[in-house]
Amino acid sequence: MILSDKRILEEMEKGTILIEPYDRSCLGSNSYDVHLGRWLATYKNHQLDAKQHNEIASFEIPEEGFILYPHIFYLGVTEEYTESHAHVPFLEGKSSTGRLGIDIHATAGKGDVGFCGHWTLEISVKQPVKIYKGMPIGQLIYFPVEGEIAVKYNQKQNAKYSGQPDKPVESMMWKNKF
Ligand SMILES: O=c1ccn([C@H]2C[C@H](O)[C@@H](COP(=O)(O)OP(=O)(O)OP(=O)(O)O)O2)c(=O)[nH]1
């Protein structure tokens with residue numbers, strides 16, 4: 001089951017879903033459109049190492065837009081800060097971004113119950129494309145959970161991406177023990 005527009009609004013009134021900034025016109029029948037924040041980032045090294053802390057360099061998208069290229073992997077961020085205290089939020093692309101050949105996550109766009117923060121976008125493109133800050137980039141959908149949650153994401157000791165800021169956050173895989 002996916003929450004409808006009315007249910008999303010009810011949950012926002014209860015405070016179990018927070019989307020900031022919020023604009024009624026961005027609410028679809030069963031989703032909420034999110035926008036590209038002004039910061040992008042790329043990894044400093046071409047060769048990444050899953051055991052190491054791979055650092056990124058962030059830069060602002062200029063007013064006139066910024067061209068993304070297929071051979072480069074970018075991290076972006078949503079303009080929106082969100083909280084979901086009772087539902088599983090999923091970040092999905094939009095058909096209109098997909099039709100421009102823009103992918104906004106590399107694997108699952110699944111969030112966790114209790115995730116609070118801006119969403120980091122794992123951006124890759126199929127052909128050169130100019131993007132702009134504030135453009136619609138994806139949509140959030142919300143799933144109810146079956147059963148009780150013992151530990152929500154914002155209560156987990158080792159949650160790597162809790163409270164993500166309005167800048168892209170790099171992979172914290174290096175914090176995993178393996
Ligand atoms: O495209 C995405 C997908 C998820 N998230 C956020 C929301 C989610 O709640 C959090 C953690 O995601 P996940 O559990 O998939 O990451 P992990 O690598 O397993 O980290 P952790 O060990 O902290 O769970 O990252 C994003 O910012 N962008």
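Just the heavy atoms: all of them, side chains too, but no hydrogens, waters or symmetry mates, feed the values below. Read the numbers this way: they start at 1 and go in the same order the structure lists the ligands and their atoms.
Here the options are Ile131, Thr42, Asp103, Leu68, the test is side-chain contact (heavy atoms from CB on, under 4.5 Å), and the partner is Ile123; only Leu68 passes.
Counted by atom type alone, Glu79 and His118 present zero donor-acceptor pairs between their side chains at under 3.5 Å. Lys44 and Asn54 form no side-chain donor-acceptor contact under 3.5 Å, judged by distance and modelled atom types alone. A side-chain N or O of His35 and one of Glu80 form a donor-acceptor pair less than 3.5 Å apart. Side-chain contact, Tyr81 with Glu83: a donor N or O sits under 3.5 Å from an acceptor N or O. Side-chain polar atoms of Glu92 and Ser31 form no donor-acceptor pair below 3.5 angstrom.
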Measure and list all N/O to N/O distances between ligand 1 and the protein that fall under 3.5 angstrom.
residue, atom, partner, partner atom, Å
ligand 1, 9 (O), Asp112, N, 3.0
ligand 1, 9 (O), Asp112, OD2, 2.6
ligand 1, 14 (O), Asp112, OD2, 3.3
ligand 1, 20 (O), Lys160, NZ, 3.4
ligand 1, 22 (O), Lys160, NZ, 2.7
ligand 1, 23 (O), Tyr153, OH, 2.6
ligand 1, 23 (O), Lys160, N, 2.8
ligand 1, 27 (O), Thr120, N, 2.9
ligand 1, 27 (O), Gln164, NE2, 2.9
ligand 1, 28 (N), Thr120, O, 2.9

